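In each ligand, atom 1 is the first atom listed, and ligand 1 is the first ligand listed. Fair warning: this is a prediction, and the values are worked out from it, not measured in the lab.
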Amino acid sequence: MTTSPAPQRPPATIVFIFGGSGDLNFRKLTPALYNLFLDGYLPEQFDVVGIGRSDYNDDTFRERLAEGIDEFSRRKNGPENAWATFSPHVGYLRMDGGDAAAYHLIADRVKAREAEWGAPANIIFYMSVAPQLVPGIATNLSQLSFCGDKNRVRIVVEKPFGHDLQSARELNALLLSHFAEEQIYRIDHYLGKETVQNLLALRFANTLFEPIWNHNYVEYVQLTAAETVGLEGRGGYYEGSGALRDMIQNHLLQLLCMVAMEPPTSFEADEIRNKKVDVLRAMRRVAPDQVDTIAVRGQYGTGEKAGKPSPAYRQEEGVNPESMTETFAAVTFFCDNWRWEGTPFYVRTGKHLAAKSSVITVQFRPAPHYAFPNEASKTWQHNCLIISIQPDMNIRLRFQAKRPGQTLALDPVEMEFNYDTSFKEQQPEAYETLLLDVMAGDATLFMRADQVDEAWQIVMPILDHWAAQTDPAAMPIYAPGSWGPDEASKLTERDGFSWMNG
Ligand SMILES: NC(=O)C1=CN([C@@H]2O[C@H](COP(=O)(O)OP(=O)(O)OC[C@H]3O[C@@H](n4cnc5c(N)ncnc54)[C@H](OP(=O)(O)O)[C@@H]3O)[C@@H](O)[C@H]2O)C=CC1
Ligand SMILES: O=C1O[C@H](COP(=O)(O)O)[C@@H](O)[C@H](O)[C@H]1O
């Protein structure tokens, strides 16, 4: 999301992707760069260099990535010869990120390109590797003479950013010992989604919602990120993570910030990030003995998918048969500030749920006086703003309307804004937006160290409480294809509400 009306082409840039041979680059990063290239956003002088230990050379690496483009790029092979024009910009360096002596390969590559281009290049180091490798790579990079150049060198760090508060602090301290904060781009791909960025437009480019966007009018907010997929071959990672760490500490708390933040005075990166971190600071820290009242976890059991038996989480590859890792988490958060005091924010996420659906629901309070006869509205519902992030991309406003006829009958109806019908432009993938922002030096959609820290502080009491419960029989099990364990409904029902499904 560049803040200028039309994005400028970035200057000459080399993107080094540590983990170039891995899944994220294959499915997301190179397809995103390729789409940016096709859309004319990349400079003429750019290189993408994958780094890994796997045995590729430039040609075999390009062949491998071409398969990823075929399968995962929204533009597929694009116009004729598009890949043939793009692929010479792609190369591979075979090296071990832990081998400090190998880093001259990077320096040599930069030197050669700059000589060819006749100008210094911006350099981006993308950490698409397991988190435990990041400190070593960052330390080795810092030995390169140009790394301290704030104007042209940036480092992108993938999630998870730490495993807990302590490790996140250590990682931040290490990165900040080698790079300035403005060089560090902590990525959260949810912030690159069009529908998520549109939350800022919805709230701050309209007068309609802002006057009622507070605890006086909003009864509660629900944020759901439901997935139908399971582990997708990432059992090793997920087993050490779980739903709270994997989705809530980062993506869902960031969404919550977009819903709850105060209006910014500008779209400067730090102004937006200041407003977001204020929300995180205001969020209630839960006492250990309160965790069971505000948080529920669960794990998927055996079931059936596409007519075939599907294994329970504890039977998945890389998972402990007595695992206590949650594949579902639901939490009631409160933001203790003037705007939101007393309004619950119900947040939930899970694997193998009934639908793929990321939705924010803002439920308004009932009308102060209901003059209609009770029998007028058998299906009476509160006003509600439903913001669908994905896969549907729409915003629906639900209100009561009179059903045509001679009786006074009211029914809930919806006004809908839909991206597909309102705009003809294609939606860029989140990684396209975020990679272009890194190249442009725009950190608005990236997390600052203090945001990461606050988000960990918020979830730590829940994680600690759950970690202390070790009886496998105590883990609530839910059926794949459901909306999670029954216990999750208690969170909302306790307050007289229910989850909005589907
Ligand atoms: N895949 C996804 O959908 C998502 C991934 N992420 C995050 O992105 C990061 C990468 O994930 P993903 O691509 O799935 O992981 P993979 O396991 O597929 O890839 C890991 C990469 O790290 C490289 N690597 C491992 N050890 C070294 C080393 N010593 N030196 C250099 N390279 C090394 C591997 O290359 P080689 O074996 O050739 O050395 C490989 O390219 C992780 O932090 C993950 O959490 C975040 C969101 C989504
Ligand atoms: O970061 C992650 O996100 C994906 C969900 O992303 P989405 O864009 O498809 O909603 C999730 O599957 C994965 O476990 C998590 O690490």
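Atom 14 (O) of ligand 1 has as its closest protein heavy atom Asp23 CB, 3.6 Å. At the shortest separation from atom 32 (N) of ligand 1 among protein heavy atoms lies Gly52 CA, 3.9 Å. Remark: minimum distance from atom 47 (C) of ligand 1 to any protein heavy atom is reached at Glu158 OE1, 3.9 Å. The nearest protein atom to atom 29 (N) of ligand 1, hydrogens excluded, is given as Asp96 OD1, 2.9 Å; this is a heavy-atom distance. Looking only at heavy atoms of the protein, atom 21 (C) of ligand 1 is closest to Gly19 CA, 3.6 Å. Ranking protein heavy atoms by distance to atom 12 (P) of ligand 1, first place goes to Leu24 N, 3.9 Å. Looking only at heavy atoms of the protein, atom 34 (C) of ligand 1 is closest to Ser21 OG, 3.9 Å. Looking at atom 10 (C) of ligand 1, its nearest protein heavy atom turns out to be Ser128 O, 3.3 Å.
Listed by number with element, the atoms of ligand 2 under 4.0 Å from a non-hydrogen atom of Lys356 are 7 (P), 9 (O), 10 (O). Under a 4.0 Å criterion applied to the non-hydrogen atoms of Lys351, ligand 2 contributes the atoms 11 (C), 12 (O), 13 (C), 14 (O). Ligand 2 places these atoms under 4.0 Å from at least one heavy atom of Asp246: 13 (C), 14 (O), 15 (C), 16 (O). The distance from ligand 1 to the heavy atoms of Gly97 drops below 4.0 Å at these ligand atoms: 28 (C), 29 (N), 30 (N), 31 (C). In summary, the atoms of ligand 2 found under 4.0 Å from a heavy atom of Arg234, numbered by their order in the structure, are 13 (C), 14 (O), 15 (C), 16 (O). Listed by atom number, the atoms of ligand 2 under 4.0 Å from Lys159 heavy atoms are 1 (O), 2 (C), 15 (C), 16 (O). Those atoms of ligand 1 that come under 4.0 Å of a heavy atom in Pro160, given as number and element, are 45 (O). Heavy-atom proximity to Glu227, at under 4.0 Å, picks out these atoms of ligand 2: 5 (C), 11 (C), 12 (O).
Met95 contributes atom CE, which lies 8.5 Å from atom NE2 of His104 (distance to the nearest 0.5 angstrom). In this structure, Leu199 CG and Leu255 CG are separated by 7.0 Å, a value rounded to the nearest 0.5 Å. Between atom OG1 of residue Thr332 and atom CZ of residue Arg348 there is a gap of 12.0 Å, rounded to the nearest 0.5 Å. Taking CZ of Phe146 as the reference point, atom CD of Glu114 lies at 7.5 Å (rounded to 0.5 Å). Atoms CG and CG, on Asp99 and Asn140 in that order, are 8.0 Å from each other to the nearest 0.5 Å.
Tyr300 and Glu316 are linked by a side-chain donor-acceptor pair at a separation below 3.5 angstrom, with hydrogens and angles left out of the test. No hydrogens or angles considered: nothing links the side chains of Arg396 and Asn418 as a donor-acceptor pair under 3.5 Å. Checking Gln299 against Arg314 by side-chain atom types alone, a donor-acceptor pair falls below 3.5 Å. A donor and an acceptor atom, one from each side chain of Gln254 and Asp188, are nowhere located under 3.5 Å apart. Inspection of the Glu239 and Thr325 side chains reveals an N or O donor paired with an N or O acceptor under 3.5 Å. No side-chain donor-acceptor contact under 3.5 Å links Thr60 and Tyr92. No donor-acceptor contact under 3.5 angstrom links the side chains of Gln457 and Arg281, judged on distance only.
Looking at Arg27 against ligand 1, only its side chain comes within 4.0 Å, counting heavy atoms. Within the 4.0 Å heavy-atom criterion, both parts of Arg53, backbone and side chain, lie near ligand 1. The proximity of Ile137 to ligand 1, defined as any non-hydrogen pair under 4.0 Å, does not occur for either the backbone or the side chain.
For the residues Gln390, Met247, Glu158, the heavy atom positioned nearest atom 7 (P) of ligand 2 is part of Gln390. The closest heavy-atom contact to atom 1 (O) of ligand 2, among the options His251, Lys193, Lys28, comes from His251.
Here's the thing with Ala130: none of its N/O atoms is less than 3.5 angstrom from an N/O atom of ligand 1. Between Lys159 and ligand 1, a contact under 3.5 Å exists for at least one N or O pair. Checked against a 3.5 angstrom limit, the closest N/O atoms of Met127 and ligand 1 fall outside it. Residue His189 places at least one N or O, backbone or side chain, under 3.5 Å from an N or O of ligand 2.
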Side chain to side chain contact (heavy atoms under 4.5 Å, CB included) between Met283 and Phe345, worked out: CA-CA 10 Å; Met283 285 179 66; Phe345 287 77; over 6 Å; no
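Using a 4.5 Å heavy-atom threshold, the side chains of Glu429 and Arg74 count as touching.
Checked options Arg186, Arg154, Arg448; the residue passing with Glu181 is Arg186 (criterion: salt bridge (Lys or Arg N to Asp or Glu O under 4.0 Å)).
Heavy atoms of Tyr238 stay at 4.0 angstrom or farther from ligand 2.
Shown here, atom 37 (O) of ligand 1 is in close reach of the protein: a heavy atom of it lies under 4.0 Å off.
Considering every non-hydrogen atom in both Ile462 and Ala295, the closest pair reads CG2-CB, 3.8 Å.
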